[in-house]
Enquirer: 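If you scroll down you'll find the structure; I have some questions about it.
Please read these numbers as outputs of a predicted model, since none were measured by experiment. Order of the sequence lines sets the chain letters (A, B, ...), proteins ahead of strands, with each chain counted from 1. Values below: all heavy atoms of this structure, side chains included; hydrogens, waters and symmetry mates excluded.
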Protein chains: 2
Amino acid sequence: MSKQPAPLVAIDLNAATSCCAPLTQRRVPAQAAAALAAAFKALGDPVRLQLMSMIASAEGGEACVCDLTPAFDLTGPTISHHLRTLREAGLVDAERRGTWVYYRARPGVLRQLASLLAVEPAGS
Amino acid sequence: MSKQPAPLVAIDLNAATSCCAPLTQRRVPAQAAAALAAAFKALGDPVRLQLMSMIASAEGGEACVCDLTPAFDLTGPTISHHLRTLREAGLVDAERRGTWVYYRARPGVLRQLASLLAVEPAGS
DNA sequence: TCTCTGATTTGACAGGCGTCGAGACAGGCT
DNA sequence: AGCCTGTCTCGACGCCTGTCAAATCAGAGA
């Protein structure tokens with residue numbers, strides 16, 4: 001990237017501050033819904049979901065693009081495009097070290113999404 | 001619906017049986033990723049996320065379309081389309097009672113998605 | 001039976017998205 | 001400098017998707 005290693009588009013997940021209330025307990029406000037839906041949308045593709053999983057479960061918590069790309073029957077630009085989508089959704093961070101670029105998961109957002117989907121085991 | 005009250009398309013979430021392993025722990029297999037991504041995709045729209053939340057948090061665990069529709073600046077057919085998407089993703093169930101149709105959340109799928117996104121609080 | 005209301009389906013349109021090839025950029029090596 | 005490898009950007013191509021208006025279906029009631 002020619003600008004910064006930070007997320008290109010700052011998804012306003014702060015607008016979703018009250019997000020941690022589970023779906024099943026309180027109606028999600030429109031503004032929070034927009035931010036949260038963007039994150040779910042990023043996960044709503046099989047390739048991106050696998051990429052996210054490979055990055056998050058990688059040793060050291062980070063994965064090199066050079067390891068990610070050969071795991072799919074897709075071209076480099078396509079993988080790069082999906083990684084950018086994940087980055088713009090705030091789900092991962094990218095860092096260039098020498099020749100290679102490493103991606104790392106952002107656990108905070110994952111936690112927000114998980115708690116949003118939380119279902120209390122029993123009734124009410 | 002003119003067929004059954006059951007989900008129109010049987011999303012193979014059983015292929016995601018091993019899904020409950022968090023993203024951060026094990027790489028999601030391609031087959032499971034396809035099923036799970038379909039569910040995330042359904043949540044990846046602000047309107048559907050709000051619908052899902054309104055249904056899941058409704059009193060009695062169900063919501064009438066007649067209560068859902070006026071909450072948005074959208075036409076009836078559009079809301080109906082989004083509800084169908086949620087239904088086909090296995091996230092909600094629909095039941096007609098007299099004139100009105102009621103939607104109800106399926107907690108099982110929500111739980112699967114939540115556990116997939118779970119992040120262990122500390123390191124390993 | 002006829003009509004009315006609620007909900008869905010159908011058909012159509014614009015915009016978004018996944019994919020690729022070609023080209024550009026970044027860094028390391030000789 | 002020049003080249004090579006890894007990664008990203010750009011432009012283009014279909015397909016998918018969100019939206020609406022119009023038509024249709026499902027029940028309830030007169």
Enquirer: Given atom CH2 of B/W100 and atom P of C/dT5, what is their separation to the nearest angstrom?
Expert: 12 Å
Enquirer: Please write out the pairs of protein N or O atoms and N or O atoms of nucleotides 18-23 of chain C separated by less than 3.5 Å, giving the distance to one decimal.
Expert:
{"from": "C/dG18", "atom 1": "OP1", "to": "A/R48", "atom 2": "NH1", "distance (Å)": "3.1"}
{"from": "C/dG18", "atom 1": "OP1", "to": "A/R48", "atom 2": "NH2", "distance (Å)": "2.8"}
{"from": "C/dG18", "atom 1": "OP2", "to": "A/R48", "atom 2": "NH1", "distance (Å)": "3.4"}
{"from": "C/dG18", "atom 1": "OP2", "to": "A/H81", "atom 2": "NE2", "distance (Å)": "3.4"}
{"from": "C/dT19", "atom 1": "OP2", "to": "A/H82", "atom 2": "NE2", "distance (Å)": "2.4"}
{"from": "C/dC20", "atom 1": "OP2", "to": "A/T75", "atom 2": "N", "distance (Å)": "3.0"}
{"from": "C/dC20", "atom 1": "OP2", "to": "A/T75", "atom 2": "OG1", "distance (Å)": "3.2"}
{"from": "C/dC20", "atom 1": "OP2", "to": "A/T78", "atom 2": "OG1", "distance (Å)": "2.9"}

Enquirer: Rounding to a whole Å, what distance do you find between A/R96:CZ and D/dT7:P?
Expert: 8 Å
Enquirer: Tell me the interatomic distance from A/L86, atom CG, to C/dC17, atom P, rounded to whole angstroms.
Expert: 14 Å
Enquirer: With ring-ring contact (aromatic ring centres under 6.0 Å, His included) as the rule and sequence neighbours excluded, what pairs involving residues 78-102 of chain B come up?
Expert: none
Enquirer: Roughly how many Å is it from CZ in A/R97 to P in D/dT5, rounded to a whole number?
Expert: 23 Å
Enquirer: Verify the contact: side-chain N or O of B/R84 to OP1 or OP2 of C/dT8, cut-off strictly under 4.0 Å; return yes or no.
Expert: no
Enquirer: Whole angstroms only, please: what is the CD-C1' distance between A/E88 and D/dT9?
Expert: 12 Å
Enquirer: Reckon B/S80 has a side-chain N or O less than 4.0 Å from the OP1 or OP2 of C/dT8?
Expert: yes
Enquirer: Are any of B/Y103's side-chain N or O atoms less than 4.0 Å away from OP1 or OP2 of C/dT8?
Expert: yes
Enquirer: Kindly write out the residues that satisfy side-chain contact (heavy atoms from CB on, under 4.5 Å) with B/P107, not counting sequence neighbours, or none if the list is empty.
Expert: A/V119, B/R111
Enquirer: Send over the distance from A/L51 CG to D/dC8 P, rounded to a whole Å.
Expert: 11 Å
